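Have a look at the structure below before the remarks.
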Amino acid sequence: MKKRWPDETSRRLYRDLQRRLARRIVLAGPENPVRLLLAVDVSYREEDAYVSAVIWNTEKACPVRIYLLRVLAELPYISGMFFIRELPPVVSIIRTFSIEFDLLLLNASGIAHPAGIGLASHAGLYFKKPSFGITDRIPCGAYKMPGLKKGNYTRIMDRERRVIGYVLRSQDYVRPIFITPGHLISPKNALEITIKLPFHARFPEPLRIADIYSRKEFKKEIIEGCR
DNA sequence: GCGACAG
DNA sequence: ATCTTGTCGC
């Protein structure tokens, strides 16, 4: 029989870590202007994690540089503890290439999370940089669906009715995206920054490009190249 | 007991 | 996330 990792003891330690880190989250900012936004995405295949990092110039609204990296995926995906699987690859690519940025954007949840600390928050805390996440859906939070036309949005609230993010209709009649602050950013600023990004699809360009590279281009190239 | 559950 | 082709619809 296959052994389960992390075991109960380890999971409890991760929960404790999350409780301690959650108290350090700052929901205000960014303090400085966001000129370089860094979108990072990861896709998987067997034991490998394919990471892509897109440096995005917000003034010119164009990608500056794209980095690709393959690392080992050490741990499994566990809802509520996504960070144990994806934070290592995210940290790896940024440290490996010494990437500089003003704000980190991930395809993950931020404070809209059962423990109030999703991957986007963990990453922001790790780098001590503003961060937020955009996803298909959230693991936690209450909201109403926004209107069907592009630009409509509604608030996401926790049990105490505090705003923990926004649901944004990024394209006419298309399923909305979920925006939640990670660290060093207010919910409203995460929304405002998102709205200023170019949308050619449901997700903003920086994330869409990061997704394409990690999931299709880069991975395909590596896999084909090994045959 | 049943459904929900970021990527 | 991944396994996978074309196809219907907002």
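Since the model is a prediction, treat every value here as computed from it, not as a measurement. Because only heavy atoms are used, hydrogens play no part in the values below, and waters and symmetry mates are left out as well, while side chains stay in. Just so it is clear: chains get the letters A, B, ... in the order the sequence lines come, proteins before strands, and each one is counted from 1.
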Original post:
With a cut-off of 6.0 Å (strictly less than), are more than 12 heavy atoms of other residues, nucleotides or ligands near CZ of A:R155?
Top reply: no
**OP:** Could you please spell out the steps behind the salt bridge (charged side-chain N to carboxylate O under 4.0 Å, His left out) verdict for A:D211 and A:R208?
**Re:** CA-CA 5 Å; A:D211 178 79; A:R208 192 182 69 84; over 6 Å; no
Original post:
With sugar-phosphate meaning primed atoms plus P, OP1 and OP2, does A:I78 contact a base, only sugar-phosphate, or nothing at under 4.0 Å between heavy atoms?
Top reply: nothing
Original post:
B:dG7 phosphate, OP1 or OP2: any side-chain N/O from A:R137 under 4.0 angstrom?
Top reply: yes
**OP:** Please figure out whether A:N107 or A:Y173 has its closest DNA chain C nucleotide nearer the 5' end.
**Re:** A:N107
Subject >> N/O (side chain, A:R215) to phosphate O (OP1/OP2, C:dA1) under 4.0 Å >> reply: yes
Original post:
Can a side chain N or O of A:Y77 be found less than 4.0 Å away from OP1 or OP2 on B:dA6?
Top reply: yes
Original post:
For DNA chain C, whose closest nucleotide is more 5', that of A:D211 or that of A:V174?
Top reply: A:D211
**OP:** Could you give me the stems involving DNA chain B, meaning stretches of three or more consecutive Watson-Crick or G-U wobble pairs whose two defining distances are both below 3.5 Å?
**Re:** none
Original post:
Take atom CZ in A:F101; do more than 12 heavy atoms of anything else shown fall under 6.0 Å from it?
Top reply: yes
Original post:
Can the positive tip of A:R85 be found less than 6.0 Å from the middle of the six-membered ring of A:Y44, inside 45° of the ring normal?
Top reply: yes
Original post:
With a 4.0 Å cut-off on heavy atoms, is A:G80 in touch with a base, just the backbone sugar-phosphate, or nothing at all?
Top reply: base
Subject >> Length of the CG-P vector between A:L119 and C:dA1, whole Å >> reply: 13 Å
Original post:
Once you round it to whole Å, what is the distance between P of B:dA6 and CD of A:Q18?
Top reply: 14 Å
Original post:
Can you check whether A:S43 has a side-chain N or O nearer than 4.0 Å to OP1 or OP2 of C:dA1?
Top reply: no
**OP:** Would you please indicate if the ring centroids of A:Y50 and A:Y213 are separated by under 6.0 Å?
**Re:** no
Original post:
To the nearest angstrom, how far is A:Y143 atom OH from B:dA6 atom C1'?
Top reply: 12 Å
Original post:
If Ile, Leu, Val, Met, Phe, Trp and Tyr residues are connected whenever their side-chain heavy atoms lie under 4.5 Å apart, and connections chain through other members, are A:V90 and A:I55 in the same group?
Top reply: yes
**OP:** Measure from CD1 on A:I117 to C1' on B:dA6 and round the result to the nearest Å.
**Re:** 14 Å
Original post:
Could you state the OH-C1' distance from A:Y44 to C:dC3, rounded to the nearest angstrom?
Top reply: 18 Å
Original post:
A:Q171 has an atom CD; how far is it from atom P of C:dG9, in whole Å?
Top reply: 21 Å
Original post:
What is the distance from NE2 of A:H122 to C1' of B:dA6, rounded to the nearest Å?
Top reply: 12 Å
**OP:** Please tell me which of the listed nucleotides, B:dG7, C:dC3, B:dA6, lies nearest to the side chain of A:R45?
**Re:** C:dC3
Original post:
Looking at residues at least two apart in the chain, or sitting in another chain, which of them share a ring pair (Phe, Tyr, Trp, His ring centres under 6.0 Å) with A:F203?
Top reply: none
Original post:
When the distance from CG of A:D41 to C1' of C:dT2 is rounded to whole Å, what number comes out?
Top reply: 14 Å
